[in-house]
Novice: 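Have a look at this one.
Quick caveat, the model's predicted, so the values are computed rather than measured.
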Amino acid sequence: MRHVIALDVGGTGMKAALVGTDGTLLHEARRATGRERGADAVVETILAFAADLRAHGEEHLGESAVAAGVAVPGIVDAEKGIAVYAANLGWRDVPLRALLTERLGVPVALGHDVRTGGLAEGRIGAGHGSDRFLFVPLGTGIAGAIGIAGAIEAGAHGYAGEIGHIVVRPDGPDCGCGQRGCLETLASAAAVTRAWAAATGDPAADAADCAKAVESGDPAAVRVWQDAVDALAAGLVTALTLLDPGTLIIGGGLAEAGETLFTPLRAAVEERITFQKLPHIVPAALGDTAGCLGAGLLAWDLLSTEVSA
């Protein structure tokens, strides 16, 4: 059965799949990155995982994978196939595409994790059928993927979509990027966790706990939650003004709160827009499989490009 290898590399774990021509996940697997053993060990773990996936395909699907797609965090030069920098993995300038091509003997596509997840959400997930979309996962940080005509816009230098570093409150908290009041310091799952832990005095309290307290009508939780929603709406309206997407897809940990997030968020965005057109604001549909599915799409796209060339 014709298939490709898809790998989604996170800070601590990797999700992988063998993906068929129609996007079906034919086999799924997970493995720790082993980052505690250092950057070189992470790279070797990725290479070994990919080789094991190839062997699984040969044994169980009757043939070897025809290509591979890999999504990684941090700064990525997709054109050159280099994982430029990832703080949580400790690597710099890793020629990952070349290493995987050598190990697997097939064409390899490399992509940024959020943009790759956005590619899947746009094509086969919540943005299916939308020519212009913006995918924004709300996790430890906030990033974005700009979808245009079935592809993700990376920008001139590979930095497009970094919506988490739009300044929404200039007098706000310091951000790791060097600015103050960036969106992700106020509206990420990590930001809500910090604010709710401070409000309750419980260092173990997190964003999910805050959402549950909002649902039960806790006024302190409502204040923390609304503060994050207001900041998020401000950042999103800036993005909408620049990009004019037809669909705005919200994913990540905070989106798991469902309408506890989406009802006030839609209202806050609508309240702020003037001449802009309000997009459809929808939850992501693919969950934690988006990265794998997107990596599979990168691999199939690579093959189709090589064939057409």
Novice: If we check side chain to side chain contact (heavy atoms under 4.5 Å, CB included) with Leu236, which of these qualifies: Ile281, Ile166, Leu265?
Specialist: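 The passing option is Leu265.
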
Novice: Could you give me the CA-CA distance, side-chain angles and deciding distance for Leu232 and Glu184, then say whether side-chain contact (heavy atoms from CB on, under 4.5 Å) is met?
Specialist: CA-CA 9 Å; Leu232 180 57; Glu184 72 174 39; over 6 Å; no

Novice: Honestly curious: do Val66 and Val108 fall in one hydrophobic cluster under the side-chain, below-4.5 Å linking rule?
Specialist: no

Novice: So, does Glu121 use its side chain to make a donor-acceptor pair with the main chain of Leu286 at under 3.5 Å?
Specialist: yes

Novice: Could you check whether any side-chain N or O of Trp300 sits under 3.5 Å from a backbone N or O of Ala295, counting only pairs where one atom can act as donor and the other as acceptor?
Specialist: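 Not at all, since once roles are kept as given, no pair shorter than 3.5 Å links the two residues.
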
Novice: Could you check whether atom NE2 of His280 has more than 12 heavy atoms from other residues, nucleotides or ligands sitting under 6.0 Å from it?
Specialist: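 No.
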
Novice: Is a side-chain donor or acceptor of Arg132 paired with a backbone partner of Leu243 at a separation under 3.5 angstrom?
Specialist: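 Not confirmed, Arg132 side chain does not pair with Leu243 backbone.
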
Novice: Determine the minimum heavy-atom distance between Leu26 and Val19, stating which atoms define it.
Specialist: CD1-C, 4.3 Å

Novice: Drop me the distance from Ile75's CD1 to Asp93's CG, to the nearest 0.5 angstrom.
Specialist: 9.5 Å

Novice: For a quick test of reading the model, state the closest non-hydrogen atom pair linking Ala126 to Pro283 and the distance between them.
Specialist: CB-O, 3.3 Å

Novice: Any side-chain heavy atom of Cys292 sitting closer than 4.5 Å to one from Leu7?
Specialist: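 Not touching, per the 4.5 Å side-chain cut-off.
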
Novice: Contact between Trp225 and Thr260 at the side-chain level, heavy atoms closer than 4.5 Å - yes or no?
Specialist: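 When only atoms from C-beta onward are counted, Thr260 and Trp225 do touch, with a gap below 4.5 Å.
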
Novice: Is a side-chain N or O of Thr263 found less than 3.5 angstrom from the main chain of Glu259, in a donor-acceptor match?
Specialist: yes

Novice: Can Arg194 and Asp206 be counted as an ion pair, charged N to O under 4.0 angstrom?
Specialist: no

Novice: Does Glu153 use its side chain to pair, donor to acceptor, with the backbone of Gly155 at less than 3.5 Å?
Specialist: yes

Novice: Rounded to the nearest 0.5 Å, what separates atom OG1 in Thr185 from atom CG in Asp174?
Specialist: 8.5 Å

Novice: Which pairs count as salt bridge (charged side-chain N to carboxylate O under 4.0 Å, His left out) when at least one residue sits in residues 61-84, sequence neighbours excluded?
Specialist: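 Found none.
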
Novice: On a heavy-atom basis, which atom in Gly291 and which in Thr116 lie closest, and how many Å separate them?
Specialist: O-CG2, 3.6 Å

Novice: Going by distance alone, is a donor N or O of one side chain under 3.5 Å from an acceptor N or O of the other, for Ser216 and Asp218?
Specialist: no

Novice: Distance-only, no hydrogens or angles: does the His128 side chain make a donor-acceptor pair with backbone N or O of Arg123 under 3.5 Å?
Specialist: yes

Novice: Take Thr33 and Thr45, measure what side-chain contact (heavy atoms from CB on, under 4.5 Å) needs, and give me the verdict at the end.
Specialist: CA-CA 6 Å; Thr33 59; Thr45 300; 5.6 Å; no

Novice: Val168, Val269: one ILVMFWY side-chain cluster at the under-4.5 Å cut-off?
Specialist: yes

Novice: Starting at OG1 of Thr238, measure out to CG of Leu183 and round the result to the nearest 0.5 Å.
Specialist: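 Those atoms lie 9.0 Å apart.
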
Novice: Can you get from Phe262 to Val214 by hopping between Ile, Leu, Val, Met, Phe, Trp and Tyr side chains that sit under 4.5 Å apart?
Specialist: yes

Novice: Within the side chain of Arg272, is there an N or O that forms a donor-acceptor pair under 3.5 Å with the backbone of Ala268?
Specialist: yes

Novice: Around atom CD of Gln276, are there more than 12 heavy atoms of other residues, nucleotides or ligands at under 6.0 Å?
Specialist: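 It does: Gln276 CD has more than 12 such atoms within range.
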
Novice: Is there a donor-acceptor pair closer than 3.5 Å between any side-chain N or O of Arg180 and the backbone N or O of Pro173?
Specialist: no

Novice: Salt bridge (charged side-chain N to carboxylate O under 4.0 Å, His left out): which pairs involve residues 33-56, sequence neighbours left out?
Specialist: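 Output for this query lists Arg31-Asp52, Glu44-Arg103.
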
Novice: Where is the tightest heavy-atom contact between Ala86 and Trp91, given as atom of each residue plus distance?
Specialist: CB-NE1, 3.1 Å

Novice: Does Thr247 reach the main-chain N or O of Ser130 with its side chain, forming a donor-acceptor pair under 3.5 Å?
Specialist: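 Not at all, since once roles are kept as given, no pair shorter than 3.5 Å links the two residues.
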
Novice: Work out which heavy atom in Gly251 is nearest to a heavy atom in Ala284; give both atom names and the distance.
Specialist: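 That closest heavy-atom pairing would be CA-CB, 3.8 Å.
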
Novice: side-chain contact (heavy atoms from CB on, under 4.5 Å) for Val4 and Leu18? Distances and angles first, verdict last.
Specialist: CA-CA 6 Å; Val4 296; Leu18 298 179; over 6 Å; no

Novice: With respect to Ile250, which candidate in Leu134, Val136, Val282 satisfies the side chain to side chain contact (heavy atoms under 4.5 Å, CB included) definition?
Specialist: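 Output: one option passes, namely Val136.
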
Novice: Quick check: do Val72 and Leu96 have side-chain heavy atoms less than 4.5 Å from each other?
Specialist: yes

Novice: Any salt bridge linking Asp8 with Arg30? Criterion: basic side-chain nitrogen under 4.0 Å from a carboxylate oxygen.
Specialist: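 Looking at Arg30 together with Asp8, the answer is no, because their closest N to O distance does not fall below 4.0 Å.
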
Novice: What verdict does the side-chain contact (heavy atoms from CB on, under 4.5 Å) test give for Asp202 and Trp196, after you've listed the backbone C-alpha separation in whole Å, the side-chain angles of each residue and the deciding distance to 0.1 Å?
Specialist: CA-CA 8 Å; Asp202 178 3; Trp196 184 232; over 6 Å; no

Novice: Is the closest side-chain heavy-atom distance between Asp227 and Arg169 below 4.5 Å?
Specialist: yes

Novice: So which atom in Leu53 and which in Ala16 form the shortest heavy-atom distance, rounded to 0.1 Å?
Specialist: CD1-CB, 3.5 Å

Novice: Mind checking whether Leu25 and Phe49 sit in one hydrophobic cluster, side chains of I, L, V, M, F, W, Y counted as touching below 4.5 Å?
Specialist: no

Novice: If you define the side chain from C-beta out and look only at heavy atoms, does anything of Phe133 sit under 4.5 Å from Leu248?
Specialist: no

Novice: Do Val9 and Leu297 belong together in a cluster built from hydrophobic side chains that touch within less than 4.5 Å?
Specialist: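 No, Val9 does not connect to Leu297 through the hydrophobic network.
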
Novice: For the pair His112 (side chain) and Val114 (backbone), establish whether a donor and an acceptor sit closer than 3.5 Å, ignoring hydrogens and angles.
Specialist: yes

Novice: If you measure from OG on Ser64 to CG on Leu104, what distance do you get to the nearest 0.5 Å?
Specialist: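 These two atoms lie 8.0 Å from each other.
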
Novice: Once you round to the nearest 0.5 Å, how far does CG of Asp209 lie from OG1 of Thr200?
Specialist: 8.0 Å

Novice: For the NE2 atom of His165 and the SG atom of Cys175, what is their distance to the nearest 0.5 Å?
Specialist: 5.0 Å

